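My questions will all concern the structure given below.
Here the structure is a predicted model, which is why all the values come from computation and not from measurement.
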Amino acid sequence: MRYLIYFEIPAEAGNSLDFEEGGPGPILGYVMDRFAPEASYTQAGMRAVFMVADLDEAQMTELMLIVSKKFGTYPEFTPVIPGATTPGIAAKAIEEAKKAP
């Protein structure tokens, strides 16, 4: 399933990570390589990450463990559907929903 993944890194964890050898680059690079998001952004002005990635349950759990251990927070996972496929999915869902008593 494709998810929008969002997490904010608390100031204390971010400050600690910034001054470790290599800073946040190695762990952020690992996350990007490991989960291969189709899009990723960081929020200017604060330590926040937005990613869109296709993950299974084990990968979600793995990402949660990495983010909680390294950044001291939990990611939010929001299921998303690509805009181009939404009309077909919605049409099918509406037809099925009409069958409900």
State, yes or no, whether a side-chain contact exists between D18 and P24 at a heavy-atom distance under 4.5 Å. yes
When every non-hydrogen atom of Y3 is compared with those of L55, the smallest separation belongs to CE1-O, 3.7 Å
With hydrophobic residues grouped by side-chain heavy-atom distances under 4.5 Å, do M32 and Y30 end up in a single group?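 Shared cluster, yes.
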Considering all heavy atoms of both residues, which atom of P10 and which atom of G72 are nearest to each other, and what is their separation? CG-O, 3.7 Å
Distance check, rounded to the nearest 0.5 Å: F35 atom CZ versus M60 atom CE? 11.0 Å
For P87 and A84, work out which heavy atoms get closest and say how close.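 Minimum heavy-atom separation between P87 and A84: CD-O, 3.7 Å.
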From I5 atom CD1 to M51 atom CE, the distance as rounded to the nearest 0.5 Å: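 Output value for this atom pair is 4.0 Å.
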Where is the tightest heavy-atom contact between P37 and A53, given as atom of each residue plus distance?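 In terms of heavy atoms, the two residues are closest at CA-CB, 3.9 Å.
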Determine whether the aromatic ring centres of residues Y6 and F50 are separated by less than 6.0 angstrom.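 Close enough - the centres of the two rings lie under 6.0 Å apart.
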Please indicate whether E12 has more than 12 foreign heavy atoms, meaning atoms of other residues, nucleotides or ligands, lying under 6.0 Å from its CD. no
In plain terms, say whether K92 and E95 are close enough for a salt bridge, that is, a side-chain N and a carboxylate O under 4.0 Å apart.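 Here K92 does not pair with E95 in a salt bridge, since their nearest N and O are not under 4.0 Å apart.
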When you group the ILVMFWY residues by side-chain heavy-atom contacts below 4.5 Å and let the links chain together, are L4 and F7 in the same group? no
Using 0.5 Å steps for rounding, measure from the OG1 atom of T73 to the CD1 atom of I9. 8.5 Å
I'd like to check L28 versus F71 (side-chain heavy atoms, cut-off strictly below 4.5 Å). Are they in contact? yes
Starting at CD1 of I81, measure out to OG1 of T86 and round the result to the nearest 0.5 Å. 5.5 Å
CZ on R2 to OG1 on T85, rounded to 0.5 Å: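 If we round to the nearest 0.5 Å, T85:OG1 and R2:CZ are 7.0 Å apart.
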Quick check: does any side chain N or O of D54 sit under 3.5 Å from a backbone N or O of M1, one acting as donor and the other as acceptor?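 Flag set: sc D54 to bb M1 pair under 3.5 Å.
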If you measure from CD on E62 to CD1 on I66, what distance do you get to the nearest 0.5 Å? 4.5 Å
Criterion side-chain contact (heavy atoms from CB on, under 4.5 Å) on E8 and M46, from CA distance to verdict: CA-CA 8 Å; E8 289 181 25; M46 66 184 301; 3.3 Å; yes
For M64, is there any backbone N or O sitting under 3.5 Å from a side-chain donor or acceptor partner on S68?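 Indeed, once roles are kept as given, a pair shorter than 3.5 Å links the two residues.
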Taking atom CD as the centre, does E20 end up with more than 12 heavy-atom neighbours from other residues, nucleotides or ligands that are less than 6.0 angstrom away? yes
